[in-house]
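Read the structure below first, then the notes.
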2 protein chains.
Amino acid sequence: MKQPRIVKDLIQDQTASLTPADRQVSDVLLRDYPVAGLKSITKIADAAGVSTPTVIRLARKLGFEGFPELQDALRDEASARIKQPIRKHERWPEERGDSPRFRDFAEAVFDNLSATIDRLDPATFDKIARVLNDRRRRIFLTGGRITRSNADYFYNHLQIIRPGVTLLSQSPNVWPQYLLDMNGRAVLILFDVRRYERDLARLAQLAKDRGAVIILFTDQWGSPISKIADHVVNAMIEVPSSWDSTIAINLIIEALIAEVQSRRWDAAKDRIEALEDMFKSTRIFRKKP
Amino acid sequence: MKQPRIVKDLIQDQTASLTPADRQVSDVLLRDYPVAGLKSITKIADAAGVSTPTVIRLARKLGFEGFPELQDALRDEASARIKQPIRKHERWPEERGDSPRFRDFAEAVFDNLSATIDRLDPATFDKIARVLNDRRRRIFLTGGRITRSNADYFYNHLQIIRPGVTLLSQSPNVWPQYLLDMNGRAVLILFDVRRYERDLARLAQLAKDRGAVIILFTDQWGSPISKIADHVVNAMIEVPSSWDSTIAINLIIEALIAEVQSRRWDAAKDRIEALEDMFKSTRIFRKKP
DNA sequence: TATACGCTGTAACAAAAGCTACAGAATTGG
DNA sequence: CCAATTCTGTAGCTTTTGTTACAGCGTATA
C-alpha cells in the first residue's frame, strides 16, 4: 500500500511544474538532504524565505497527505542511509520455506548484533582486552541462571589461553571462599541479564570492596551491578521468544578471545600445544564388549 | 559556543546513572541511531513504553535544555553521518590505532550466520523441533571440549521447558550408565565441531545401536557422526581468530528453543511459572498497563 | 485597460508537541 | 518493618506546529 517514496526523485520528476517558491523550498530540502527536511515546517519555510503554507503545498504536490507524511518519508530515507553496511544482511531470500517465526527470530538476532556492536565503546573493548591480557591478574568468572553457560564458554577459552582463570562454582554459598583470593590484582567477570540476580550483585560488591576489577556483561537496560563495575558491556538480548537471546554477548566474548589471543600469541601457543598433548594421552572411554 | 555533542557518548558516559525508564528511552534512541530520536517526543515515549516527561528528563540529564535541543543535536549528527558515509563506521581504527580486527570479526560472524541459515533445511529444523516437542521422549545432551557450553546452554532452557532432559556429565567414563536409559524413545543431542572427538563418535554409535534418535550440531565440514545421525545441523564456524565461532550454532539453538516453547506454550507455561516462584529474583521491569 | 487565473502571504485556528506540578509507586536505608 | 528518598506517570497547561481560508499581487490574455 504505502511503499517508500524517494523524495528526491519525486522532486526531480515534478521539477517542471514547480513554482518559484516551491523551488526555493526544494532547494533547501536538497541542500542537506534528507536531514534538512526533518526540522519543523516553520524553520524550513524560514530558511527558504517562504511561508509555511507554501511548504505544505509542495508536500501535497509531491503526493503526500501533508507535511508530516513528507517528513516521515525523509526520516526513513535518512535511517536507511545511515544503517551500517553490516546491517545489509537483513535481506531474506523469498523462496525459502522457513516458518515466519524462524525468520523473525533470525532477523531480530541480526538486529541485536548490529545494535550491540554499534553501542559498544571501542575504548571499553580495548580496556577489557588489556586487562584480560595482563598475566599478573587472576581472573574469576560467573554468571546467572542462564548466563552461566556464557561464563562457562568464556572460561573454557580463557583458561586455555592464559593461566590463573577460575570459574566460580554454581552455588553462591561457596562463593565466599573465592573472595579470599580476590585482591587488587583480581578481575571478576560477571554476566547478569534481566531477572537480575541479587546474589551476583552482592558478590560484585564484596569483590569490589576487596579491590577487584569488575567486568560486567549485561543487557541493554543494565544490571544494577553497572553502577559499581569498572567496565560494562551492554548487549541487546530481546527476541520474539519467551526467552532472551545471549548471542550478542557471545559475539563480544568471542571477539575478546580473538583479541587477547592475538595480542599474546606466543605465550598462548605453548599452553595450547601442551594441552593438545595431554588430551591425546587421556582416552578413558572405551567401547564396551 | 554551542559545540556539537555526540548524544551516543553522552548516554554512554551517564549510563550508570540512568534509571530503568531512562534506559528504555535511550535504548529506543540507540536502536536506530540517530534517526529514531528525530520523531516527535510522543512517538518516542510511546516506542519506549514510558511517558513523555521521562523523555524530557533524559534530555535534561544529558545536558540539554529540553527535548528540542536534544533533537537538534541528533539532527546534526545525522546530517554529519550522511555527508561522510565513509567515515561512518570508522571510529574503530581511528580511536587508538586499533586494527579493524573487531570489525572483521563481526563481519565474519554475520556472514556465518547468513550462510548457516541459508544452508539449513527448513524441514530439518521442523523435524528437530517436533522431536524436541514430543514429551514421551527422553533427551540427552552433550558436547565436546568447547561445545560443551553450547550443550549446557541448550540444556538450561530445554530443561525448563519440558521434563526428561539430561545433560551428560563432562567425563566420558561415566557415559555408559546414561546409555542404559537410551532406548528407542531417547534422543541424543550432540555437538561436535572440528577437532572432532572420538569419544563423542563412540557414544553416538552406542546410542544409535540402542535405538536412540541422534541429533547432531556440527560445522560446515561435518563431524564423522553425520553418517549415523538422524538430523544434522551444519553451522559455519570460521572466523579470523585462532578459535572457531559457535555463534551460528547458538542461533539455531535459540531458534529451536523459541520454536518448541511456542508450540506447546500451555504445558511449558506451568513449568516456568512454577520455576519463577522458586527463584526469588529482583523485579525491575513492570508490565505495561 | 480590464479581467481572469495562478501564485503567495497573512491571519486565524485546531491539533499536537513540549513542558510543569503533583501525587502515587517503587526502592533504599535504617 | 517503616521512613526517607527516588522514580515515574497523570493531568493540565503553554507553546509551537501544521493547516485552512482568504485576500492581495502579478502576469497573461482579450
Side-chain angles (χ1 to χ4, degrees), chain A residues 14-29 36-75 194-198 201-202 204-205 209 221-228, chain B residues 14-29 36-75 280-289:
Chain A
Q14 304 233 9
T15 189
S17 63
L18 294 184
T19 70
D22 287 338
R23 222 154 276 174
Q24 281 179 264
V25 177
S26 61
D27 271 358
V28 169
L29 294 183
L38 297 178
K39 288 182 282 193
S40 75
I41 192 174
T42 325
K43 298 251 177 64
I44 294 168
D46 236 41
V50 300
S51 64
T52 53
T54 299
V55 179
I56 296 177
R57 283 189 276 260
L58 175 64
R60 299 251 163 88
K61 259 182 210 166
L62 296 179
F64 295 98
E65 184 75 22
F67 178 73
E69 285 72 25
L70 164 67
Q71 207 166 49
D72 286 344
L74 288 171
R75 206 171 13 242
R194 68 171 163 194
R195 305 282 158 87
Y196 310 116
E197 297 177 33
R198 282 190 178 283
R202 282 196 207 104
Q205 186 59 61
D209 292 344
W221 306 284
S223 143
I225 301 172
S226 304
K227 292 195 190 78
I228 61 168
Chain B
Q14 304 235 8
T15 190
S17 61
L18 294 184
T19 70
D22 286 339
R23 252 164 250 230
Q24 283 180 246
V25 177
S26 61
D27 187 34
V28 168
L29 295 184
L38 298 179
K39 290 183 282 194
S40 75
I41 192 173
T42 323
K43 298 250 178 64
I44 294 168
D46 231 43
V50 301
S51 64
T52 51
T54 298
V55 180
I56 295 176
R57 282 188 277 257
L58 177 65
R60 298 249 163 91
K61 258 183 211 168
L62 297 180
F64 296 97
E65 184 72 22
F67 177 73
E69 284 72 26
L70 164 68
Q71 206 167 49
D72 286 344
L74 287 171
R75 200 163 27 234
K280 267 214 224 154
S281 41
T282 349
R283 208 168 59 94
I284 298 277
F285 292 92
R286 222 164 320 130
K287 281 264 156 85
K288 282 211 287 179

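As a basis for the values below, the full set of heavy atoms in this structure was taken, side chains included, without hydrogen atoms, waters or symmetry mates.
- At a threshold of 4.5 Å between non-hydrogen side-chain atoms, the residues A:L29 and A:L58 count as touching.
- When each of C:dT10, D:dT17, C:dC19 is scored by its nearest atom to the side-chain atoms of A:T42, the top-ranked nucleotide is D:dT17.
- Ranked by how close their nearest DNA chain C nucleotide is to the 5' end, B:I41 and A:R57 are led by A:R57.
- Checking side-chain atoms of B:Q14 against main-chain N and O of B:K61 turns up a donor-acceptor pair under 3.5 Å.
- At the heavy-atom level, A:T54 lies under 4.0 Å from the strands shown only through sugar-phosphate atoms.
- A:S51 comes within 4.0 angstrom of a nucleotide base, judged by non-hydrogen atoms across all strands.
- Remark: B:D46 does not engage B:K43 in a salt bridge, criterion side-chain N to carboxylate O under 4.0 Å.
- The side chain of A:V50 sits closest to C:dG9 out of D:dT8, D:dA11, C:dG9.
- Rounded to whole angstrom, the span from the CG atom of A:D46 across to the P atom of D:dT16 amounts to 13 Å.
- Counting non-hydrogen atoms under 4.0 angstrom, B:P53 reaches a base of the nucleic acid.
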Please walk me through it: do A:F67 and A:T52 pass side chain to side chain contact (heavy atoms under 4.5 Å, CB included)? CA-CA 10 Å; A:F67 178 73; A:T52 53; over 6 Å; no
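- Note: NZ (B:K43) to C1' (C:dA15) measures 13 Å, nearest angstrom.
- With rounding to whole Å, A:I56 atom CD1 is found 15 Å from C:dA15 atom P.
- Distance from the side chain of B:A21 is smallest for D:dT8 among the nucleotides D:dT8, D:dG18, C:dT20.
- As a whole-Å value, the separation of A:L18 CG from C:dC7 C1' is 13 Å.
- Nearest nucleotide to the A:T19 side chain, out of C:dT10, D:dC7, C:dC7: C:dC7.
- Here the side chain of B:S40 is nearest to one of D:dT19, C:dG18, D:dT8, namely C:dG18.
- Closest approach of B:I44 and B:K39 over heavy atoms only: CD1-O, 3.7 Å.
- The interatomic distance linking A:K61 (NZ) with D:dT19 (C1') rounds to 17 Å, in whole Å.
- Atom pair A:D22:CG and C:dC7:P shows a separation of 8 Å (rounding to whole Å applied).
- Put simply, CD on A:E65 is 17 Å from C1' on D:dT17, counting in whole angstrom units.
- Atom-to-atom, CZ of B:F67 to C1' of C:dG18 comes out at 9 Å; the value is rounded to the nearest Å.
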